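Everything below concerns the one structure shown next.
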2 protein chains.
Amino acid sequence: MRDLPIGALSERTGVKVPTIRYYEQAGLMPQAARTEANRRTYSTQDVDRLRFIRHARELGFEVDAIRQLLGLADQPDRSCAEADVIARVHLREIESKLARLTALQAEVQRMIDECAHGRVGDCRVIQVLADHGQCVSDAH
Amino acid sequence: MRDLPIGALSERTGVKVPTIRYYEQAGLMPQAARTEANRRTYSTQDVDRLRFIRHARELGFEVDAIRQLLGLADQPDRSCAEADVIARVHLREIESKLARLTALQAEVQRMIDECAHGRVGDCRVIQVLADHGQCVSDAH
DNA sequence: GCTTGATCCTCTAGCGGCTAGAGAATGTAG
DNA sequence: CTACATTCTCTAGCCGCTAGAGGATCAAGC
């Protein structure tokens, strides 16, 4: 219920001031109440909401997904099936990124391992880049 | 040595036409020779260079790193130590992304597993997002 | 030669998710 | 009353493209 200026909200949540304004603009945070001098004021509820947003971003949820999750969180009596779906879709995205990254890791590691540390002309790093056919997987 | 228009280069490499122009602008591809009517023309060397670029992008190398790798590839007699360093730095970046993503995967998976499929008010997905303290790892 | 449609040109603007800076108005401490 | 910090709005930049406008040029068919 306290009247926090944006800087205090920033400190309490670890979200930078311009980012908070950006979230307001993006529709994640509500239009903040203003003082007479046009400064934004926040309550402890806003602190909670911003922490929610921050945590979801840290977990890699996109702004659009967070908007949906926040919409759900505001209606505690509805079924949470939708939240479940959003999280599952996100999990699938994480898993596919993981698979890709793992393949890349192997390929780049192999590239480095095969480098004989001689001249550029003989360097496997350069050669592999020049020719996809020399790759083990075709995940990329 | 053939005089390829940009569309043919695009087909041969799988890189879209506007992207090729962007690479020229970004200094990855050289300023292309032009016909009398001001159209870009390319040789088979350009095909090779663009394939190199594309492959490196697919392996996640940033444009800046590719610029450096291309600079090295142009000097086959130099030591390939620099190429090695670029690749190793990139590998480290991949590994750190992998570590982060793996932690996120576990967290989101757990969130989903704990969801009792009831009301939003009781949903673990929402609760976990609202409170970082409920996370297992603090990787994020 | 003439029309059609594909290809090409340049230029500008947009995506996501911020981040940085200008320039002006307030707030707070000594 | 003077500093200095904080806040405000607005604009522009980051990466690596992608999309679209509006115009010039090409190759093929009649």
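Here the structure is a predicted model, which is why all the values come from computation and not from measurement. Reckoned from all heavy atoms, side chains included, excluding hydrogens, waters and symmetry mates.
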Open item on the list: Closest-nucleotide mapping onto DNA chain D: is B/F61 or A/P5 further toward the 5' terminus? I mean the 5' end.
Closed with: A/P5
Task: Selection: residues 65-73 of chain A, any non-hydrogen atom under 4.0 Å of DNA chain C - done: none
TODO: Please list all pairs passing the ring pair (Phe, Tyr, Trp, His ring centres under 6.0 Å) test where one or both residues lie in residues 93-120 of chain B, with sequence neighbours left out.
DONE: none
Task: Pairs where residues 12-24 of chain B contributes a residue and the test side chain to side chain donor-acceptor pair (under 3.5 Å) is met, not counting sequence neighbours - done: B/E24-B/R40
TODO: For C/dT10, take OP1 and OP2 only and decide whether either is under 4.0 Å from a side-chain N or O of B/R34.
DONE: yes
- [ ] Could you state the atom-to-atom distance from CD of B/E24 to C1' of C/dC9 in whole Å?
- [x] 12 Å
- [ ] To the nearest Å, give me how far apart CE (B/M29) and C1' (D/dG16) are.
- [x] 16 Å
- [ ] Send over the distance from A/I6 CD1 to D/dC8 C1', rounded to a whole Å.
- [x] 10 Å
- [ ] Using whole Å, report how far CD of B/E36 lies from P of D/dT25.
- [x] 11 Å
Open item on the list: Can you measure B/Q25 atom CD to C/dA13 atom C1' for me and round it to whole angstrom units?
Closed with: 14 Å
TODO: Would you please confirm or rule out a distance under 4.0 Å between OP1 or OP2 of C/dT10 and any side-chain N or O of B/R40?
DONE: yes
- [ ] Using a strict cut-off of less than 4.0 Å between a Lys/Arg side-chain nitrogen and an Asp/Glu carboxylate oxygen, indicate whether A/D46 and A/R51 qualify as a salt bridge.
- [x] no
Task: Separation of C/dG17 C1' from A/L50 CG (nearest whole Å) - done: 14 Å
Task: B/F61: partners by ring-ring contact (aromatic ring centres under 6.0 Å, His included), with sequence neighbours left out - done: B/H90
Open item on the list: Are the side chains of B/R34 and B/R39 in contact, using a 4.5 Å heavy-atom criterion?
Closed with: no
- [ ] Taking the side chain as every heavy atom from C-beta outward, state whether B/L50 and B/Y42 have any atom pair closer than 4.5 Å.
- [x] no
Protein-nucleic acid N or O pairs under 3.5 Å, nucleotides 18-23 of chain D:
from: D/dT18; atom 1: OP2; to: B/T19; atom 2: OG1; distance (Å): 3.0

Task: Set of side-chain hydrogen bond (donor to acceptor under 3.5 Å, both in side chains) partners for B/D122, sequence neighbours left out - done: B/R119
Task: Nearest-angstrom distance from the residue atom CD1 of B/I20 to P of C/dT10 - done: 13 Å
- [ ] List for me each residue that meets side-chain hydrogen bond (donor to acceptor under 3.5 Å, both in side chains) alongside A/Q109, sequence neighbours excluded, and say none if there are none.
- [x] A/D113
Open item on the list: C/dC18, OP1 or OP2 - any side-chain N/O from A/Y23 closer than 4.0 Å?
Closed with: yes
Task: Sequence-distant partners of A/R124, salt bridge (Lys or Arg N to Asp or Glu O under 4.0 Å), two or more places apart - done: A/E114
I'd like a table of atom pairs between the protein and nucleotides 2-4 of chain D - only N or O on both sides, under 3.5 Å - with the distance next to each one.
none

Open item on the list: On DNA chain D, compare the nucleotides closest to B/A37 and A/V17; which residue's is nearer the 5' end?
Closed with: A/V17
Task: side-chain hydrogen bond (donor to acceptor under 3.5 Å, both in side chains) partners of A/Q75, counting only residues at least two apart - done: A/R78
Task: B/R54 CZ to D/dC17 P, straight-line distance once rounded to whole Å - done: 11 Å
Open item on the list: Just to verify, what does A/R57 make a salt bridge (Lys or Arg N to Asp or Glu O under 4.0 Å) with, not counting sequence neighbours?
Closed with: none
Open item on the list: Show every salt bridge (charged side-chain N to carboxylate O under 4.0 Å, His left out) that has at least one partner inside residues 85-94 of chain B, sequence neighbours left out.
Closed with: B/D84-B/R88
TODO: For D/dC10, take OP1 and OP2 only and decide whether either is under 4.0 Å from a side-chain N or O of A/R21.
DONE: no
